[in-house]
Amino acid sequence: MGSRKCGGCLSGLLIPLALWSIIVNILLYFPNGQTSYASSNKLTNYVWYFEGICFSGVMMLIVAAVLLVLENDNNCKCCQSENCSKTYMTLLSMIFSSLGIAFSGYCLVISALGLVQGPYCRTLDGWEYAFEGTAGRFLTDSSIWIQCLEPAHVVEWNIILFSILIALSGLQVIVCLIRVVTQLSKILCGNYSVIIQVTDH
């Protein structure tokens, strides 16, 4: 019963993480609250992968909802044996938790790439990725951020929001990984036996 409550808490934690991922990803489209850059496609290309909105957001909400249903004591039995039903639910939980790792992992990788690439901004040479060739070294050297003339403060905007997305998706990966390990231990350690023993009559 305790492990079931713990699993429900972990699944419930995915919901606010997913909602915040959606909000943060949306903010990336509006540097300084301005819509003109999104409409003119003057944003870093990694924001168009919808990593926070779709994968770490909507898809994770679906995963969380399914996991919460599977944790419910009143879920439907898949077969006559209670042990079989618990095993089936455990396997389903492992599958959806693994999907959660894939979705949040995608967001984590894309956000990291967007962070290292740097923003698409207007410099003295025109619109370009001013820090693309620095291999992320610009992140610790704020003195060169002034190369981006427009949008104003876009470097800080991208660094903060992409970093938050990395943190959120990283937490999602950890939560889903814990669920996979927990469900796997239930099977391997004999909580729910996968093998149905047939007694001789």
Using ring centroids (six-membered ring only for Trp), state whether Trp127 and Tyr120 fall under 6.0 Å.
yes

Quick check on the 6.0 Å ring-centre criterion: do Tyr29 and Trp48 meet it?
yes

Rounded to the nearest 0.5 Å, what's the gap from CD1 on Ile26 to CZ on Phe50? Could you check?
10.5 Å

Tell me whether the count of non-hydrogen atoms from other residues, nucleotides or ligands lying under 6.0 Å of CH2 in Trp157 goes above 12.
yes

Could you report the tightest heavy-atom contact between Leu68 and Ser11, atom names first, then the distance?
CD2-CB, 3.6 Å

Are Ile110 and Trp20 connected, step by step, through hydrophobic side chains (Ile, Leu, Val, Met, Phe, Trp, Tyr) whose heavy atoms are closer than 4.5 Å?
yes

Spacing of Thr134 atom OG1 and Asp141 atom CG [to the nearest 0.5 Å]:
9.0 Å

Going by the salt bridge (Lys or Arg N to Asp or Glu O under 4.0 Å) test, which pairs reach into residues 106-135, not counting sequence neighbours?
Arg122-Glu150

Sorted by chain and number, sequence neighbours left out, side-chain contact (heavy atoms from CB on, under 4.5 Å) with Ala130 holds for Cys121, Thr123, Gln147, Cys148

According to a 4.5 Å side-chain heavy-atom criterion applied to Ile, Leu, Val, Met, Phe, Trp and Tyr, with indirect links allowed, do Ile160 and Leu27 form part of one hydrophobic cluster?
yes

Going through the checks in order, is the side-chain contact (heavy atoms from CB on, under 4.5 Å) test met by Leu17 and Met60?
CA-CA 9 Å; Leu17 291 176; Met60 287 302 298; over 6 Å; no

Determine whether Ser93 and Arg179 make a side-chain contact, defined as any pair of heavy atoms from C-beta on separated by less than 4.5 Å.
yes

Write out all pairs satisfying side chain to side chain donor-acceptor pair (under 3.5 Å) with one or both partners inside residues 100-116, taking only residues at least two apart or from two chains.
none

Which atom names give the shortest non-hydrogen contact between Gln34 and Tyr37, and what distance separates them?
OE1-CE1, 3.2 Å

So Leu177 and Ile101, side-chain contact (heavy atoms from CB on, under 4.5 Å) or not? Walk me through it.
CA-CA 7 Å; Leu177 187 59; Ile101 293 175; 4.0 Å; yes

Does the side chain of Phe131 come within less than 4.5 Å of Val155's, by heavy atoms?
yes

Reported CD1-to-CD1 distance for the pair Ile53 and Ile22, which is rounded to 0.5 angstrom
7.5 Å

Would you check if there is a donor-acceptor pair between the side chains of Ser97 and Gln183 at a distance under 3.5 Å?
no

How far apart are the closest heavy atoms of Val180 and Met94, and which atoms are they?
CG2-O, 4.1 Å

Looking only at heavy atoms, which two atoms of Phe138 and Val116 are closest? And how far apart?
CE2-O, 3.3 Å

Look at the side chain of Asn32 and the backbone N and O of Ala152, then say whether any donor-acceptor pair between them is shorter than 3.5 Å.
yes

Which pair of non-hydrogen atoms, one from Ser36 and one from Ser39, has the smallest distance, and what is that distance?
O-OG, 2.8 Å

Distance-minimising heavy-atom pair for Thr44 and Gly118:
OG1-O, 4.0 Å

side-chain contact (heavy atoms from CB on, under 4.5 Å) partners of Leu19, counting only residues at least two apart
Ile15, Leu61

Among side-chain atoms of Tyr129 and Asn45, is any donor-acceptor pair under 3.5 angstrom?
yes

Partners meeting ring-ring contact (aromatic ring centres under 6.0 Å, His included) with Phe96 (sequence neighbours left out):
none

With a 4.5 Å limit on heavy-atom distance, are the side chains of Ile159 and Trp145 in contact?
yes

When rounded to the nearest 0.5 Å, the distance separating CZ of Arg137 from CD1 of Ile144 is 9.0 Å

Look up atom CD1 in Ile164 and atom CG in Leu115, then write down how far apart they are to the nearest 0.5 Å.
11.5 Å

Out of curiosity, does Leu28 fall in the hydrophobic cluster containing Val109 (side-chain heavy atoms, cut-off under 4.5 Å, transitive links)?
yes

Within one Ile-Leu-Val-Met-Phe-Trp-Tyr cluster: Val63 and Ile95, side-chain cutoff 4.5 Å:
no

Inter-residue atom distance Leu91.CG - Leu70.CG, 0.5 Å rounding:
10.5 Å

Can you give me every donor-acceptor pair (side chain of residues 165-172, partner residue at least two apart or in another chain, under 3.5 Å) with its distance?
from	atom 1	to	atom 2	distance (Å)
Ser169	OG	Leu165	O	2.8
Ser169	OG	Ile166	O	3.2
Gln172	OE1	Ser56	OG	2.4
Gln172	NE2	Ser56	O	3.0
Gln172	NE2	Ser56	OG	3.4

Same apolar cluster: Leu184 and Val181, side chain cutoff 4.5 Å
no

